[in-house]
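Here the structure is a predicted model, which is why all the values come from computation and not from measurement. Note on naming: letters A, B, ... go to the chains in the order of the sequence lines (proteins, then strands), and numbering restarts at 1 for each one. Computed over heavy atoms, backbone and side chain alike; hydrogens, waters and symmetry mates excluded.
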There are 4 protein chains.
Amino acid sequence: MSSQTPIDRLVAGFRGFHALYYEQRPERIRDLVEVGQKPKILMIACSDSRVDPAIVTNAEPGELFIVRNVANLVPPYMPDGNYHSTSAALEFAVRDLKVEHIVVLGHSRCGGIRAFMDASSGRSSEREFIGPWVSICHCAGGKTDSDEVERGAIKGSINNLMTFPWVRERVEAGTLSLHGWWFKIETGNLWELDEETGEYEQRV
Amino acid sequence: MSSQTPIDRLVAGFRGFHALYYEQRPERIRDLVEVGQKPKILMIACSDSRVDPAIVTNAEPGELFIVRNVANLVPPYMPDGNYHSTSAALEFAVRDLKVEHIVVLGHSRCGGIRAFMDASSGRSSEREFIGPWVSICHCAGGKTDSDEVERGAIKGSINNLMTFPWVRERVEAGTLSLHGWWFKIETGNLWELDEETGEYEQRV
Amino acid sequence: MSSQTPIDRLVAGFRGFHALYYEQRPERIRDLVEVGQKPKILMIACSDSRVDPAIVTNAEPGELFIVRNVANLVPPYMPDGNYHSTSAALEFAVRDLKVEHIVVLGHSRCGGIRAFMDASSGRSSEREFIGPWVSICHCAGGKTDSDEVERGAIKGSINNLMTFPWVRERVEAGTLSLHGWWFKIETGNLWELDEETGEYEQRV
Amino acid sequence: MSSQTPIDRLVAGFRGFHALYYEQRPERIRDLVEVGQKPKILMIACSDSRVDPAIVTNAEPGELFIVRNVANLVPPYMPDGNYHSTSAALEFAVRDLKVEHIVVLGHSRCGGIRAFMDASSGRSSEREFIGPWVSICHCAGGKTDSDEVERGAIKGSINNLMTFPWVRERVEAGTLSLHGWWFKIETGNLWELDEETGEYEQRV
């Protein structure tokens with residue numbers, strides 16, 4: 001045990017996963033292999049290690065198609081042939097898997113949002129990628145409270161989702177719903193964006 | 001219960017998460033809030049709902065910083081000021097969080113790899129983003145067995161990781177290790193890339 | 001998978017337990033082996049497969065010392081040298097392990113209580129042991145509503161606990177607390193006996 | 001959080017159980033309420049907090065009907081009208097629930113077995129109940145190694161099970177199987193009694 005590395009722990013965890021999902025209760029995975037995945041929800045979440053979507057929602061394999069990037073951002077629609085990680089996953093989830101819900105899951109104490117705020121306030125950064133990436137949430141700029149910027153960035157991502165024609169079309173047809181959630185990590189509460197009012201309401 | 005939606009289930013799962021991590025055993029989250037996250041591992045995984053990194057490794061909050069995109073791809077180093085979701089997360093994990101390991105976790109039956117193979121073989125696609133995105137794995141092209149392409153794509157991502165100067169530097173200094181894992185979803189086995197031989201060895 | 005028996009499933013579950021508690025996170029068990037068990041709570045619960053104390057309270061190894069018998073009954077103090085399963089466990093928990101709490105966990109739809117009610121109303125039974133055993137709850141007799149009998153039986157068990165001199169002594173000294181809980185399995189609610197009023201209050 | 005008691009933790013755990021089994025995935029409990037319990041396995045296990053049957057086998061509600069007493073003992077058949085906790089549960093499981101398997105789950109470092117060995121070697125005890133109770137395993141006496149005594153006590157319990165006529169009858173008819181398991185807590189290994197040879201074989 002003394003020489004156990006973080007990688008050893010992961011592999012041990014994988015053995016536990018195998019014991020549970022392949023040996024003890026193989027029904028779920030067997031279906032997911034034979035039939036293929038049929039997730040009803042795309043979740044766009046932050047890479048932050050404290051805000052894992054499967055952990056915070058106690059999801060089972062097959063339930064959530066998940067994109068994770070810094071600050072759970074969605075860029076605007078730009079079909080220019082370049083590499084667009086988030087847009088590609090969005091496209092696959094909406095057009096191929098035909099998910100019925102997209103949840104943008106943001107959270108407090110977000111390091112990516114902090115980087116954006118630092119950059120906005122003129123604090124220099126030596127980083128090459130994080131600055132341009134988090135500039136996506138410029139619509140949330142001008143605020144000085146990080147909770148507010150995080151919540152504003154979620155709204156911005158939802159607005160950007162609507163710039164994708166095949167998202168807008170499905171939302172307007174009523175076959176796709178968009179949800180903005182903000183998880184306050186200090187207290188464990190979940191807040192939900194009310195699309196009508198633009199305000200966040202506490203859900204848990 | 002009769003009108004329970006997939007979103008209701010997620011919210012119920014969140015209540016369970018709250019009960020466990022905030023009420024019953026609050027120590028872990030309390031530390032993660034007060035001290036901040038200190039993950040030792042960056043995992044680059046697929047968006048596929050059947051291959052959730054936290055589920056397949058039984059991770060706890062705080063253990064894994066995670067990027068998820070279609071086909072768990074890493075693009076090459078391109079500091080051009082555009083939006084680079086994966087590169088931004090990589091940068092944040094390596095330069096700010098100082099992770100010690102990067103695991104590229106691929107898997108069998110990957111829909112993104114299937115899209116790449118279809119495009120490579122001339123089958124047309126009406127998709128705008130998925131095609132350019134999965135073209136990153138061109139280095140795995142020419143193969144006709146999807147398992148082989150998936151395994152080749154993991155190698156390609158590891159090669160691309162090494163094009164980032166601040167990754168290469170740390171790998172060469174011995175402070176960062178790169179791991180290629182391939183999860184065979186049909187059987188629940190985990191295969192690991194041996195960097196010396198370029199072959200995959202079964203680990204679980 | 002086709003020939004998987006219930007016993008195979010248990011053994012697979014044990015492998016998952018081993019992976020989690022011995023390989024991935026060995027700290028807890030290591031302490032419990034080296035230091036020995038130090039549970040603070042004795043739980044007296046029913047054998048019913050739907051009301052497992054560790055499952056319904058999400059307990060970890062080492063937290064609960066547990067007696068399980070039909071209808072979660074405690075017989076009165078009878079130090080006659082015969083085999084007394086429940087009294088022996090009670091004695092070990094209180095005098096050797098020095099638990100600080102005893103929880104009697106009853107539940108609705110209890111088959112043992114049903115057997116008692118049937119016997120009380122004169123319906124014959126061919127059983128040799130279940131009848132005498134559930135007659136312990138005679139103090140709850142006279143009622144015709146099973147929820148009431150179950151709740152009354154919990155009170156009876158707590159009264160019987162107080163007939164053990166080394167329980168009474170500790171309760172009066174304030175080093176041991178007795179709790180009566182009733183779990184309504186149809187709704188998932190937990191009710192707690194208020195010792196002052198003798199009434200049950202909903203806790204969850 | 002600062003004033004959180006062990007009881008508070010249990011109640012919080014119960015809330016998590018409610019969130020999971022009543023709100024997020026209500027199907028299992030709903031069936032268990034509507035149809036009633038149908039466990040296929042009776043497990044006779046020790047009260048020891050480190051050896052919880054549901055935890056060590058990762059059981060779900062409804063899978064295991066469980067008796068827990070000190071040292072997982074089964075007394076011999078004695079239909080004398082007295083209170084027989086273990087025999088009553090055995091009777092209910094076998095004759096009413098019609099379980100197909102009985103597992104006697106023993107373990108190393110058992111405090112009850114230690115008490116028996118101390119008493120056997122003449123060390124006096126001031127205890128009223130634990131001594132008579134653990135004297136059930138006299139058939140395992142004469143040994144000086146606690147692992148051997150524990151393993152012998154499991155055999156003794158299985159022999160005692162066969163003294164119950166309605167157990168013997170079902171075993172001989174092939175509708176009920178008896179299993180002796182010994183869990184070595186220091187290493188996490190599971191050993192199974194081979195009824196043919198009388199020896200224990202490592203299973204996990």
Checklist entry - Given a strict heavy-atom distance threshold of 4.5 Å, which part of D:I29 is in contact with chain C: side chain, backbone, both, or neither? => result side chain

Checklist entry - Under 6.0 Å from the NZ atom of D:K184, do we count more than 12 heavy atoms belonging to anything else shown? => result yes

Checklist entry - Parallel under 30°, tilted from 30 to 60°, perpendicular over 60°: which one fits the rings of D:F164 and C:F129? => result tilted

Checklist outcome for this item: If you tally heavy-atom pairs under 4.5 Å between each of D:N189, D:N82, D:T57, D:V67 and chain C, the highest tally belongs to D:T57

Next on the checklist: Quick one, D:N69 and D:S85 - any side-chain contact, counting heavy atoms below 4.5 Å?
Outcome noted: no

Checklist entry - Is any side-chain heavy atom of D:V11 less than 4.5 Å from a side-chain heavy atom of C:W181? => result yes

Item to check | D:R168/D:E172 salt bridge by N-O under 4.0 Å criterion | outcome: yes

Checklist entry - Between D:Y200 and D:R151, is there a donor-acceptor pair closer than 3.5 Å when you use the side chain of the first and the backbone of the second? => result yes

Item to check | Under 4.5 Å from any heavy atom of chain C - which part of D:R50 | outcome: both

Checklist entry - Just checking, is any N or O donor in the side chain of D:E23 or D:H18 under 3.5 Å from an acceptor N or O on the other one? => result yes

Checklist entry - Which atoms of D:L10 come close to chain C, meaning under 4.5 Å heavy atom to heavy atom: side chain ones, backbone ones, both, or neither? => result both

Checklist entry - Between D:T187, D:V56, D:L73, which residue shows the highest count of heavy-atom pairs closer than 4.5 Å to chain C? => result D:V56

Item to check | Side chain proximity check, C:W133 to C:F116, heavy atoms < 4.5 angstrom | outcome: no

Next on the checklist: Using a 4.5 angstrom heavy-atom cutoff, name the option from D:L20, D:I185, D:V51 with the most pairs to chain C.
Outcome noted: D:I185

Checklist outcome for this item: Checking heavy-atom separations under 4.5 Å from chain D, one finds in residues 87-103 of chain C C:S87, C:A88, C:A89, C:E91, C:F92, C:R95, C:D96, C:H101, C:V103

Checklist entry - Do you know which of C:P39, C:S177, C:C46, C:P6 has the most heavy-atom pairs with chain D at a distance under 4.5 angstrom? => result C:P6

Checklist entry - What residue in C:M78, C:R28, C:R9 has the most heavy-atom pairs under 4.5 Å with chain D? => result C:M78

Checklist entry - Relative to chain D, which of C:G131, C:G62, C:G111, C:A115 shows the most heavy atom pairs under 4.5 Å? => result C:G62

Checklist outcome for this item: Looking only at D:D52, D:T86, D:I130, D:V134, most heavy-atom pairs under 4.5 Å shared with chain C are made by D:I130

Next on the checklist: Testing the basics here: between C:C137 and C:I113, what is the closest heavy-atom pair and its distance to 0.1 Å?
Outcome noted: SG-CD1, 4.1 Å

Next on the checklist: Between C:F183 and D:F14, is there a side-chain heavy-atom distance shorter than 4.5 Å?
Outcome noted: yes

Checklist entry - Which residue out of D:I41, D:D80, D:I55 racks up the most heavy-atom pairs below 4.5 Å with chain C? => result D:I55

Checklist outcome for this item: One option among C:L32, C:N58, C:V70 has the most heavy-atom pairs under 4.5 Å with chain D, and it is C:L32

Item to check | Side-chain heavy atoms of D:P76 within contact of C:Y83, under 4.5 Å | outcome: yes

Checklist entry - In terms of heavy-atom proximity below 4.5 Å to chain C, should D:M43 be classed as side chain, backbone, both, or neither? => result side chain

Checklist entry - By a 4.5 Å heavy-atom criterion (distance strictly below it), what part of C:R109 contacts chain D: side chain, backbone, both, or neither? => result side chain

Item to check | Best-contacting candidate, D:R15, D:E63, D:R203, against chain C by heavy atom pairs under 4.5 angstrom | outcome: D:R203

Checklist entry - Taking side chain as C-beta onward, heavy atoms only, is D:S146 less than 4.5 Å from D:R114? => result yes

Checklist entry - Distance only, no hydrogens: is a donor on one side chain within 3.5 Å (strictly under) of an acceptor on the other, for D:N160 and D:S157? => result no

Checklist entry - Where does D:D48 contact chain C at under 4.5 Å (heavy atoms): side chain, backbone, both or neither? => result both

